[in-house]
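A quick write-up on the structure given underneath.
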Amino acid sequence: MTPVTSIIDGLKKLYQEKLKPLEVTYRYDDFGSPTLMASDFDAKPMVMLLGQYSTGKTTFIKHLLGTSYPGSHVGPEPTTDRFIVVMSGPDGRSIPGNTIAVQADKPFGALTRFGSAFLSKFECSQMPHPLLEHFTFVDTPGVLAGEKQRTQRSYDFTGVTSWFAAKCDLILLFFDPYKLDISDEFKRVIGSLRGHDDKIRVVLNKADQVDTQHLMRVYGALMWSLGKVLSTPEVTRVYIGSFNDKPINEAAFGSMGKELFEKEQEDLLVDLKDIPRKACDRRINEFVKRARAAKIHAYIISHLKKEMPAMMGKAKAQQRLIDNLEEEFAKVQKDYHLPVGDFPDIQHYKEVLSGYQIDRFEKLKPKMIQAVDDMLGYDIPDLLKKFQNPYD
């Protein structure tokens with residue numbers, strides 16, 4: 001047996017031995033998240049940038065790096081038309097999506113499920129840079145607004161952002177004073193971030209393009225718009241500034257405005273620098289969340305199988321169960337005393353379940369459930385006692 005040398009190493013081992021068997025048995029990869037690979041555990045922390053076109057997402061990355069990255073384009077029109085992962089590498093080059101998705105040492109293998117239409121709009125930009133030693137950026141295409149929303153994308157944009165949201169450690173939503181409207185597509189994208197509210201920060205960029213009075217109105221309007229789509233009682237942290245290499249426009253704000261922008265930029269940089277230190281805690285948090293979700297999934301599937309008839313009328317019984325899934329969830333929740341908030345999205349569950357024959361699933365395997373309970377109750381706490389955070 002190979003000895004465990006770190007927290008991440010320990011999580012890998014626990015996943016292979018205790019959690020993965022449960023996930024494979026009840027096909028959790030189709031209902032929840034794809035099966036984890038070693039590269040998922042070893043990957044650097046990720047920061048995803050989301051927003052409408054020309055809100056300064058690409059410029060923000062260039063500003064932090066102090067240089068352009070391979071494949072970056074900046075302009076007033078929609079310039080970034082693809083998902084670009086900016087990461088550390090020995091030389092500056094762009095790697096196509098199909099190539100990066102099959103590299104075992106990169107955590108993007110599961111993106112193949114979104115098909116060639118997406119992979120042709122995905123690339124990896126590698127370059128040597130001290131900042132990229134600590135985390136990776138995910139630059140995204142501008143979210144469509146107005147008339148452009150009628151143009152359908154050739155891949156599941158919301159599904160892809162949801163996949164990246166689960167992997168990322170920080171999600172930055174970009175707005176500027178002239179692009180505050182939250183379009184239908186942006187609403188769907190923000191909705192897909194459900195369950196990752198703690199990772200979301202808002203950046204009100206290009207704030208030096210308006211005067212103080214206008215900025216106060218813009219800030220109020222932004223908070224009102226966000227309040228309608230971010231269904232959390234807490235106020236999301238908003239960073240106000242002008243995150244680019246140009247000097248701040250003091251004519252609109254004066255020295256006080258310049259001081260405010262500099263402090264806001266400092267705060268955002270502190271938040272970014274804090275990511276690697278918190279990355280290990282977040283990995284553990286995501287791992288525990290995944291284990292609980294997989295366990296609830298196993299309870300749901302085994303309960304539905306138990307409700308199926310042994311011989312006749314299987315198709316009708318399955319349809320009845322799917323139609324009344326909310327009631328079945330309530331029964332599972334009551335039988336096993338599970339938190340309601342941990343249950344999956346009903347609509348998504350119905351869609352996936354309709355592609356399976358419920359009676360083909362396995363019955364509940366108490367030993368597998370017990371193994372996951374032991375992992376959560378004993379193995380992970382022991383791991384935390386034994387090893388220090390590798391980023392401290």
Side-chain angles (χ1 to χ4, degrees), residues 31-34 40 43 45-52 55 57 60 83 135-140 143 156-175 179-205 219-240 264 267-297 329 333 338-349:
F31 290 83
S33 305
D40 291 309
M46 286 200 279
V47 179
M48 178 164 67
L49 289 74
L50 281 170
Q52 287 184 34
T55 46
K57 301 183 295 295
F60 176 79
F83 281 80
F135 48 79
T136 295
F137 288 104
V138 181
D139 195 4
T140 62
V143 177
D156 180 8
F157 181 74
T158 310
V160 174
T161 50
S162 179
W163 185 90
F164 273 110
K167 301 278 179 193
C168 284
D169 295 75
L170 195 69
I171 300 163
L172 298 177
L173 296 181
F174 274 72
F175 294 88
K179 292 195 180 76
L180 294 179
D181 61 313
I182 296 176
S183 63
D184 292 344
E185 184 175 64
F186 206 178
K187 205 175 280 184
R188 286 195 299 273
V189 166
I190 293 172
S192 76
L193 307 179
R194 180 176 166 261
H196 307 291
D197 306 320
D198 57 320
K199 302 177 185 180
I200 298 173
R201 304 285 184 277
V202 176
V203 177
L204 179 54
N205 201 11
Y219 182 79
L222 176 61
M223 296 310 286
W224 181 78
S225 296
L226 285 171
K228 292 202 297 181
V229 288
L230 286 174
S231 51
T232 54
E234 300 85 12
V235 178
T236 310
R237 174 68 164 102
V238 178
Y239 296 100
I240 302 169
E264 287 287 285
D267 285 355
L268 180 51
L269 288 173
V270 166
D271 220 350
L272 287 168
K273 283 174 185 171
D274 222 19
I275 291 170
R277 197 173 56 81
K278 291 178 178 172
C280 188
D281 295 333
R282 194 176 288 286
R283 290 272 156 85
I284 296 159
N285 184 47
E286 293 292 329
F287 188 81
V288 170
K289 208 156 72 171
R290 184 187 180 96
R292 288 197 179 124
K295 201 173 87 166
I296 286 174
H297 170 67
F329 274 18
Q333 192 256 325
L338 302 166
V340 180
D342 286 359
F343 275 72
D345 177 67
I346 286 189
Q347 202 49 49
H348 173 68
Y349 213 85

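Because the structure is a prediction, the values reported are computed rather than measured. Throughout, residue positions are numbered sequentially from 1 according to the sequence presented.
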Check: If you measure from the Lys or Arg side-chain nitrogens to the Asp or Glu carboxylate oxygens, is any gap between R237 and D267 under 4.0 Å?
Finding: yes
Compare all side-chain heavy atoms of K57 with those of L172 and state whether any distance is below 4.5 angstrom.
no
Query raised in the report: Below 4.5 Å, heavy atoms only, C-beta onward: do T55 and N205 meet side chain to side chain?
Result: no
Nearest heavy-atom contact between D345 and H348 is OD2-N, 3.0 Å
One should read off an interatomic distance between R290 CZ and S33 OG, to the nearest 0.5 angstrom, of 5.0 Å
Legend entry - Greater than 12 external heavy atoms within 6.0 Å of K167's NZ: yes
Heavy-atom nearest pair, E264 first then Y239, reads OE1-CA, 3.3 Å
**Item:** More than 12 heavy atoms of other groups within 6.0 Å of K273 NZ
**Value:** no
In this structure, CG of L272 is separated from CD1 of I275 (nearest 0.5 Å) by 5.0 Å
Close side-chain approach of L193 and L173, heavy atoms under 4.5 Å: yes
- Message: Between R282 and D198, does any side-chain N to carboxylate O distance fall below 4.0 Å?
- Response: yes
Minimal heavy-atom distance between G51 and F186, with the atoms involved, is CA-CZ, 3.9 Å
Note to self: Within the structure provided, determine whether F135 and D169 are in side-chain contact (heavy-atom separation under 4.5 Å).
What the structure shows: no
Is the ring pair F329/F343 parallel, tilted or perpendicular, if the boundaries are 30 and 60 degrees?
tilted
Under the side chain to side chain contact (heavy atoms under 4.5 Å, CB included) criterion, do V189 and T140 qualify, and how do the steps go?
-> CA-CA 12 Å; V189 166; T140 62; over 6 Å; no
Mind telling me whether F60 and F137 have parallel, tilted or perpendicular rings, with 30° and 60° as the class edges? perpendicular
To the nearest 0.5 Å, atom CD1 of I171 lies from atom CE of M46 at 10.5 Å
In short, T236 meets R201 closest at the heavy-atom pair CG2-CA, 4.3 Å
Closest non-hydrogen contact found for M48 with L50 is CE-CD1, 3.9 Å
For S192 and S162 the tightest heavy-atom approach is O-OG, 3.5 Å
Worksheet item: Would you say the ring centroid of Y219 lies under 6.0 angstrom from that of F175?
Response: no
